[in-house]
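Written out below as structure tokens is the structure these notes cover.
Protein chains get the first letters and strands the later ones, always in sequence-line order, with residue 1 at the start of each.
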Number of protein chains: 4
Amino acid sequence: MPERAARRAELLSVAAGVFAELGYSATTVRVIAERAGLLAGSLYYHFDSKESMLEEILRTFLDALWTGYDAILGDRALGPRETLRALVVESFREIDRHGPAVAVFQKEARQLAAQPRFAFLTEAQRDFEDAWRTTLERGVADGAFRPDLDVRLAYRFLRDTVWVAASWYRPGGRHTADAIAGQYLSMVLDGISVRSTIPTATRSRPWPRPT
Amino acid sequence: MPERAARRAELLSVAAGVFAELGYSATTVRVIAERAGLLAGSLYYHFDSKESMLEEILRTFLDALWTGYDAILGDRALGPRETLRALVVESFREIDRHGPAVAVFQKEARQLAAQPRFAFLTEAQRDFEDAWRTTLERGVADGAFRPDLDVRLAYRFLRDTVWVAASWYRPGGRHTADAIAGQYLSMVLDGISVRSTIPTATRSRPWPRPT
Amino acid sequence: MPERAARRAELLSVAAGVFAELGYSATTVRVIAERAGLLAGSLYYHFDSKESMLEEILRTFLDALWTGYDAILGDRALGPRETLRALVVESFREIDRHGPAVAVFQKEARQLAAQPRFAFLTEAQRDFEDAWRTTLERGVADGAFRPDLDVRLAYRFLRDTVWVAASWYRPGGRHTADAIAGQYLSMVLDGISVRSTIPTATRSRPWPRPT
Amino acid sequence: MPERAARRAELLSVAAGVFAELGYSATTVRVIAERAGLLAGSLYYHFDSKESMLEEILRTFLDALWTGYDAILGDRALGPRETLRALVVESFREIDRHGPAVAVFQKEARQLAAQPRFAFLTEAQRDFEDAWRTTLERGVADGAFRPDLDVRLAYRFLRDTVWVAASWYRPGGRHTADAIAGQYLSMVLDGISVRSTIPTATRSRPWPRPT
DNA sequence: TATGAATGAGCGTTCATTCAT
DNA sequence: GATGAATGAACGCTCATTCAT
């Protein structure tokens with residue numbers, strides 16, 4: 001990595017941390033500069049604007065994420081269940097690697113997507129929804145997932161469940177990202193309930209019984 | 001409701017909507033005023049500051065929420081499963097009634113809690129965690145919930161899963177709040193998976209089999 | 001005094017007190033109203049503006065002052081020494097009666113005099129200077145005051161000496177206004193020094209010795 | 001003086017001039033900025049707030065003043081008369097050098113002293129009173145000043161008389177600061193009156209006659 | 001007479017950004 | 001590459017003033 005790009009990455013990492021901590025709007029370029037050890041004006045040698053820093057942070061995150069996702073989604077050997085598992089694991093790994101960027105994405109994306117400059121967020125969200133919903137639908141179709149699943153709702157449920165973890169997850173904590181992914185998957189797939197105790201009234205339709 | 005209090009409530013409702021949409025920091029009092037149909041300065045006849053509006057919005061929301069929660073938590077007739085169900089339903093009803101306030105809480109609480117003025121948020125979060133974790137622990141103890149549950153993780157999972165819905169839920173949409181609560185509960189309790197497909201590797205311990 | 005005028009006087013008295021305490025610019029009509037027991041807007045039933053209250057306070061004070069001064073200055077029986085004494089006594093009585101108004105005059109007059117609306121202050125100051133300087137000059141001419149007196153300087157000295165007392169004098173304190181006037185006169189006329197100890201070097205010219 | 005400090009001093013000098021002319025409260029930072037040739041916001045690169053400018057102006061003035069006063073008060077060779085003379089001369093020199101600062105002090109100190117931030121003004125006023133009153137009392141005790149002197153009153157008389165001059169004194173005028181100090185001293189020490197004309201009624205006690 | 005709600009101008013201050021050095 | 005001083009727009013807020021009731 002050339003000197004120049006390394007410095008940019010370093011500064012963006014600082015910026016992402018502050019954006020995640022204080023929110024984009026409440027972050028001043030002064031505190032970014034201060035944490036990076038230079039003066040506010042000097043940031044403008046490296047970046048056009050505060051907004052362009054944000055954009056670069058989000059693009060970098062999404063590029064990395066989609067590199068991982070594309071490998072998974074392109075793997076025809078994976079059934080819907082394994083695909084879902086792989087997507088969740090990949091997502092937690094992304095949180096592990098680019099936690100602040102994920103937190104910024106989670107907090108700011110909806111609002112930013114309205115601006116032309118950040119239209120790529122809207123695209124990403126659409127692709128994102130496609131990937132997850134397709135996987136869920138495949139799973140319902142082939143009997144891996146519950147036939148009574150409301151796919152739209154389940155998509156949101158999964159999406160929020162995974163990304164919101166970025167706001168509390170800290171690398172080097174009690175659990176590894178993969179361990180947390182495993183726990184999440186267990187809850188999402190099987191529920192927190194002991195199966196036999198579920199009163200039938202909870203469901204609109206009886207489960208298809210495996211034979 | 002006296003004239004005065006009604007006007008306050010009206011203005012707070014507008015403010016909550018803008019805070020939820022743009023974020024507290026990115027919201028200007030001029031925007032609030034514009035949407036409320038008066039001038040920025042006039043807001044200060046009713047409120048001390050932008051911050052005091054935020055505080056009142058959050059306090060009002062938490063008061064309403066705890067009124068509901070306390071009734072549930074104080075009901076000794078409820079088992080952990082019914083308690084959890086009631087808490088989720090109550091939460092979605094709160095989202096239905098005070099959606100913007102919930103979204104603001106969800107977005108801003110962590111950051112605000114550091115200020116002395118918003119210390120009540122820290123208390124609320126602690127009480128909140130107590131309520132959910134105690135319920136989960138009771139459920140694990142009496143066999144309603146899975147014995148291998150990581151309660152800390154499950155708590156976060158539930159908390160985020162429920163509240164994050166405030167950022168997309170709109171009253172009057174396709175589903176009622178109670179319907180969505182039901183769907184969420186179904187996913188959370190039973191998982192999205194069809195039972196027999198769960199590979200045993202997912203779990204640390206085999207399920208207790210009903211006899 | 002008609003009801004109406006009495007209320008005005010009452011409100012102006014409150015206003016003068018606040019102006020004296022906080023300064024005209026730092027005084028808000030809200031605190032005047034509050035101390036008078038009504039709401040800010042209600043003051044505008046009685047007065048056109050904050051500025052018109054100030055004007056009325058200053059005019060009332062100057063009218064009263066000149067009533068006293070004119071009687072003294074018109075008394076041909078008084079020598080310069082007695083005239084000066086009478087002016088000082090009258091001034092302290094004015095401070096005793098309208099202390100806050102005097103303090104406001106002392107603090108604000110110089111700055112206000114630049115506005116057309118307050119041109120009467122400039123006139124008053126000119127008349128004021130005339131009265132005192134004429135008295136001093138008469139005294140120098142007839143041997144009552146020191147022949148080496150710089151009249152311009154002595155005028156300022158006297159003027160400041162007297163009016164500045166308004167900023168600390170409180171009616172009902174240790175000394176009456178007349179007693180303070182007496183003490184001031186004693187210092188101004190005779191100095192604080194024991195005469196014989198004055199080294200001759202202090203003076204530019206030897207004193208004319210009375211025969 | 002480093003570049004930075006010089007710029008601060010320059011801006012503070014402008015600010016002091018405006019504060020003295022319009023009063024602190026009536027002064028807007030935009031006026032200060034305009035006279036200094038920059039924009040209002042740019043002042044905040046150099047100072048924290050309008051109030052901090054005021055504080056620095058007053059502290060600088062008091063530091064300079066006390067440097068002079070301490071030298072005088074610490075000189076054991078000076079009798080009360082020479083001490084008083086030296087204090088007055090030093091005060092007028094201070095007016096000559098920092099006229100606007102003195103005028104601001106004179107106008108605003110009483111009101112400001114109530115704020116914790118300006119508690120140093122209260123201290124200064126106490127030290128000030130100590131210095132002058134001690135000098136006066138020493139003079140009365142050793143026969144330099146009139147035995148019938150009301151020291152409290154005389155202190156106020158001297159204090160106001162001297163400092164109020166800051167509101168009209170302009171450097172480079174007809175008289176030098178030292179010349180004005182001399183005239184003031186002559187009036188304060190010996191009075192404006194020619195001795196023999198003093199009616200005995202003015203005094204409560206006869207003068208001690210030198211033998 | 002007084003109130004209560006509002007206006008609108010302007011205030012002190014912040015902050016992303018620029019640019020000569 | 002970075003600094004330091006400045007810009008200029010906008011922000012939260014204040015306050016004298018208005019006016020229907």
Side-chain angles (χ1 to χ4, degrees), chain A residues 3-4 7-8 11 24-33 36-54, chain B residues 2-4 7-8 10-11 24-33 36-54, chain C residues 3-4 7-8 11 24-33 36-54, chain D residues 2-4 7-8 10-11 24-33 36-54:
Chain A
E3 194 77 32
R4 172 96 173 225
R7 187 74 171 121
R8 281 179 78 86
L11 294 172
Y24 173 73
S25 169
T27 296
T28 69
V29 296
R30 263 177 178 76
V31 342
I32 298 172
L38 37 68
L39 291 181
S42 308
L43 284 174
Y44 288 79
Y45 176 81
H46 301 278
F47 304 98
D48 284 345
S49 64
K50 179 184 167 188
E51 207 177 58
S52 77
M53 298 177 79
L54 176 62
Chain B
E3 196 75 35
R4 177 95 173 224
R7 187 70 170 122
R8 281 177 78 86
E10 194 183 335
L11 294 172
Y24 174 72
S25 169
T27 296
T28 71
V29 296
R30 279 167 177 84
V31 168
I32 298 173
L38 38 66
L39 291 177
S42 308
L43 286 173
Y44 290 82
Y45 178 79
H46 300 278
F47 304 99
D48 285 343
S49 63
K50 179 185 166 188
E51 206 177 62
S52 77
M53 291 186 223
L54 176 61
Chain C
E3 193 78 33
R4 172 95 173 227
R7 187 75 171 120
R8 282 177 78 86
L11 294 172
Y24 173 73
S25 170
T27 295
T28 69
V29 297
R30 261 178 178 75
V31 343
I32 298 174
L38 36 68
L39 290 182
S42 308
L43 285 174
Y44 288 80
Y45 177 80
H46 301 278
F47 304 98
D48 284 345
S49 65
K50 180 183 166 188
E51 207 176 57
S52 76
M53 299 177 78
L54 176 61
Chain D
E3 197 75 36
R4 176 93 173 226
R7 187 71 172 124
R8 280 178 79 86
E10 193 183 335
L11 295 172
Y24 173 73
S25 170
T27 296
T28 71
V29 297
R30 280 169 176 83
V31 168
I32 298 174
L38 39 64
L39 291 177
S42 307
L43 287 173
Y44 291 81
Y45 179 77
H46 300 278
F47 304 99
D48 284 343
S49 63
K50 179 185 167 188
E51 205 175 63
S52 78
M53 292 186 221
L54 176 61

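- Considering all non-hydrogen atoms of both residues, Ser49(A) and Ser52(A) come closest at O-OG, 2.9 Å.
- Residue contacts shown for Thr27(B) are limited to sugar-phosphate atoms, with no base heavy atom under 4.0 Å away.
- Between the OH atom of Tyr45(B) and the P atom of dA6(E) there is a distance of 8 Å, rounded to whole Å.
- Shortest non-hydrogen contact noted between Ala40(C) and Val29(C) is CB-CG2, 4.1 Å.
- dT1(E) sits 22 Å from dT21(F) when the P atoms are compared, rounded to a whole Å.
- Nearest approach of Leu38(B) to Arg7(B), heavy atoms of both residues: CD2-NH2, 3.4 Å.
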Q: Determine, stepwise, if the pair Met53(B) / Leu43(B) fulfils side-chain contact (heavy atoms from CB on, under 4.5 Å).
A: CA-CA 10 Å; Met53(B) 291 186 223; Leu43(B) 286 173; 4.0 Å; yes
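- Atom-to-atom distance recorded for Ile32(C):CD1 and Phe47(C):CZ is 9.0 Å, nearest 0.5 angstrom.
- The CZ atom of Phe47(B) sits 15 Å away from the P atom of dT14(F) (whole-angstrom rounding).
- A pairwise comparison of heavy atoms in Lys50(B) and Tyr24(B) identifies NZ-O, 3.1 Å as the closest pair.
- Among the atoms of the strands shown, only primed sugar atoms or phosphate atoms (P, OP1, OP2) are found under 4.0 Å from some heavy atom of Leu38(C).
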(Q) In dot-bracket form, 5' to 3', how is DNA chain F paired? Count Watson-Crick and G-U wobble pairs only if both distances fall under 3.5 Å, and write | where the partner sits on another strand. (A) .||||||||||||||||||||
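- With DNA chain F read from its 5' end, the first of the two nearest nucleotides for Tyr24(B) and Leu39(A) is the one closest to Leu39(A).
- Of all heavy-atom pairs spanning Leu11(B) and Ala36(B), the tightest one is CD2-CB, 3.6 Å.
- Taking for each of Thr28(D) and Arg7(C) the nucleotide of DNA chain E with the nearest heavy atom, the 5'-most of the two is the partner of Arg7(C).
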Atom pairs under 3.5 Å: protein N/O with N/O of nucleotides 17-21 of chain E:
unit_1, atom_1, unit_2, atom_2, d
dT17(E), OP2, Tyr44(A), OH, 2.6
dT17(E), OP2, Lys50(A), N, 2.7
dT17(E), O5', Tyr44(A), OH, 3.3

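- In this structure, Glu3(D) atom CD and dT3(F) atom P are separated by 18 Å, rounded to whole Å.
- The distance from atom CG of Leu43(A) to atom P of dA2(F) is 9 Å, rounded to the nearest whole Å.
- Comparing His46(D) and Leu11(A) along DNA chain F, the residue whose closest nucleotide (by nearest heavy atom) sits nearer the 5' end is Leu11(A).
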